[in-house]
Amino acid sequence: MTDSRPTGPLPAISELALDRLTEWFTARGEPAYRARQVAAGVAAGRAAGFDDLTDVPRALRAALASAFRFSSIGETQVLTTDGALTEKALHQLADGQRIESVLMRYPARRAAPPRTTICISSQAGCAVGCPFCATGQGGFGRHLTTAEIVDQVLWWKRARAYALDPSRHLNIVFMGMGEPLHNVDRVFDAVWALNDPARAGIGARHITISTSGVVPAMDRMTDELPQVNLAISLHAAHDDLRDELVPINRKWPVAAVIGAGRRFAERTHRRVSLEYVMIAGVNDAPVEAERLAAVAHGWPCHVNLIPLNPTPAAPWQGTARGDIDRFAAILRRSGVATTVRDTRGRSIEAACGQLHAQIARRRRPAPDADLALAPA
Ligand code: SAH
Ligand code: SF4
C-alpha cells in the first residue's frame, strides 16, 4: 500500500492569511475568533510553540501542532557587535538554505523614543548581481515564502523580547538578502501580515522596502502599499556606471527608476530615499555628486550616503569620511536633502550576505574587534 501522506515539512502557520486560517478553524467546527486568537498569540512573540498558547484548548493546540510548524525558521546563530546594540542572525531554513537578519537598537535621542530596527531578507541570495554586494556575489538561491519573511521578525520578538517592548518604536527594513521586488507577491503578503493589527501590528510607515529598481513592481507598490516607505538603491546617477554597479540598470535605466520614484512620491506625498553606497575611486568623484544632484533635485527625495563595507570578492574600499562629507556638501548646496548613515551598526548593517558568504566558504568570521558568536 502506498503512503498518501504529504512529504516534506508542514506548512508554517505564518504562511496562512487570516481568512485561510479562519477557514481552517471553521472546517473543524471551531469558532472563527480562534483564528485571530492563534494568529495574535503566534505574532506576540511570547510563545515558543503552540503549547504555550494556553488560552487555546489543549486538543486544539495539538491539532495545530500536527497541521503546522510554529516557525519556518530553523537553527539560528547570532553574532553581536557594537557592544551588543547590533545583533546579526544567520537562520537555517527547512531545505538547508541560509538567510540573514539584523537587529539594531538605537537609544532615545532628544524627543525621539528608543527605536529598534530589524533588517530582513526577502530571498536566499539575489539574482541582480551587484558586484560590491556579498549577496549578489553568491548568486540566486530561491524566493523566500511569506512565512519565512514574517518569521524572521517573529524570531527576534521571541528571542529578544526585551528589545521589542511596546515603548520602543519598531522599524522593519527589507535590506537583508535579496531583491524584495523580485519576490513581490510574497513580500507584499508579508507586509500585510506584519501590518495586520491582529498579528504583528507594525505600522506601514515603519516598514521600508529597498529596491535596486524593478520599475513595474515599484509602480505596484505605489498602488498597493502607498503607506510603506520606498528606498531606491541608486549608487550611480548615470547609466554607464550604474550598468556596472547595479546590473538590473540595463533593463530599467536611471531615468526609468527615477521616474517610478517620482510617481511614488507624487501619488503618496511621501519622500523617497535614494541610497548611494560610496566606493572609493568608483562613484565618489565631485562630478558624480553633481550628476546625482541633477536627478535628485526638484522632487521629494533625500539621499542617504553609505560608506561601502568591503567584501572579499571585490577589490573596492569605502570612501574616506572627509570625501563623503565633501560629496554631501555638493548635494546640499544643490538643495538636495542628504544624510550620511551613522557608523554605529554600519559594519554589520551594510554587511548583509557577508556572514552567509563566509560560512559558505567554510571560513571563520572576520576578526571584528568585538564580534562574538553567541548561541540564539
Ligand atoms: N536588493 C535590495 C535590498 C537589499 S540590499 C537593494 O539592493 O536595495 C540593501 C542595501 O544594502 C542596498 O542599498 C545595497 O546596495 C546595500 N549594500 C549591499 N552591499 C553593500 C556593501 N558591501 N556595503 C554597503 N552597502 C551595501
Ligand atoms: Fe541584490 Fe540588493 Fe545585493 Fe544588489 S545590493 S545584489 S539588488 S541584494
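Whatever order the structure lists ligands and atoms in, that order sets their numbers, starting from 1. This structure is a prediction, so every number in the text was calculated from the model and none was measured. Position 1 is the first residue of the sequence, and the numbers go up from there.
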Ligand 1 versus V277, non-hydrogen atoms closer than 4.0 Å: side chain, backbone, both, neither?
side chain

Please work out whether any backbone atom (N, CA, C, O) or any side-chain heavy atom from C-beta onward of F132 is under 4.0 Å from ligand 1, and answer side chain, backbone, both or neither.
both

Of the listed options H235, M175, R341, Q137, closest to atom 15 (O) of ligand 1 (non-hydrogen atoms)
H235

Short version for I232: what comes under 4.0 Å of ligand 1, heavy atoms counted, is neither

Worked verdict on H182 versus F140 for ring pair (Phe, Tyr, Trp, His ring centres under 6.0 Å):
CA-CA 11 Å; H182 270 165; F140 179 65; 8.1 Å; no

Is any NZ, NE, NH1 or NH2 atom of the basic residue among D52 and R46 found under 4.0 Å from an Asp or Glu carboxylate oxygen of the other?
no

In this structure, would V38 and L10 fall into the same cluster of hydrophobic residues linked by side-chain contacts under 4.5 Å?
no

Element-labelled atoms of ligand 1 that are located less than 4.0 Å from some non-hydrogen atom of C133:
18 (C), 19 (N)

Between G178, S212, G213, flag the one that comes closest to atom 1 (N) of ligand 1 by a heavy atom.
G178

Would a single hydrophobic cluster contain both L64 and L18, if residues Ile, Leu, Val, Met, Phe, Trp and Tyr are joined by side-chain heavy-atom contacts under 4.5 Å?
no

List the closest protein heavy-atom neighbour of atom 2 (Fe) of ligand 2: residue, atom name, distance to the nearest 0.1 Å.
G178 O, 4.5 Å

Run the salt bridge (Lys or Arg N to Asp or Glu O under 4.0 Å) test against E288 and tell me which residues pass, sequence neighbours left out.
R291

Is the Y276 ring parallel, tilted or perpendicular to the F327 ring (thresholds 30°, 60°)?
tilted

Over-ring placement of R28 relative to W24, 6.0 Å and 45° cut-offs:
yes

For ligand 1, is there an atom lying under 4.0 Å from some heavy atom of G176?
yes

I want to check something: taking the side chain as every heavy atom from C-beta on, are F174 and V191 in contact at a cut-off of under 4.5 Å?
yes

Is any side-chain heavy atom of L90 closer than 4.5 Å to one of T76?
no

Atoms of ligand 1 close to F174 [distance to a heavy atom under 4.0 angstrom, numbered from 1]:
3 (C)

Contact check: S233 vs ligand 1, nitrogen or oxygen atoms, below 3.5 angstrom
yes

Within reach of ligand 1, part of M177 (heavy-atom separation under 4.0 Å)
neither

Can you find a heavy atom in the side chain of M221 that is under 4.5 Å from one in the side chain of V214?
no

ILVMFWY cluster, L241 and L234 together (side-chain gap under 4.5 Å)
yes

Would you check the N or O atoms of E275, main chain and side chain alike, for any that come under 3.5 Å of an N or O of ligand 1?
no

Between R326 and D284, does any side-chain N to carboxylate O distance fall below 4.0 Å?
no

Contacting atoms of ligand 1, where contact means under 4.0 angstrom from a heavy atom of L308:
21 (C), 22 (N), 23 (N)

Pull up every protein N/O/S atom sitting under 2.8 Å from atom 4 (Fe) of ligand 2, skipping waters.
C130 SG

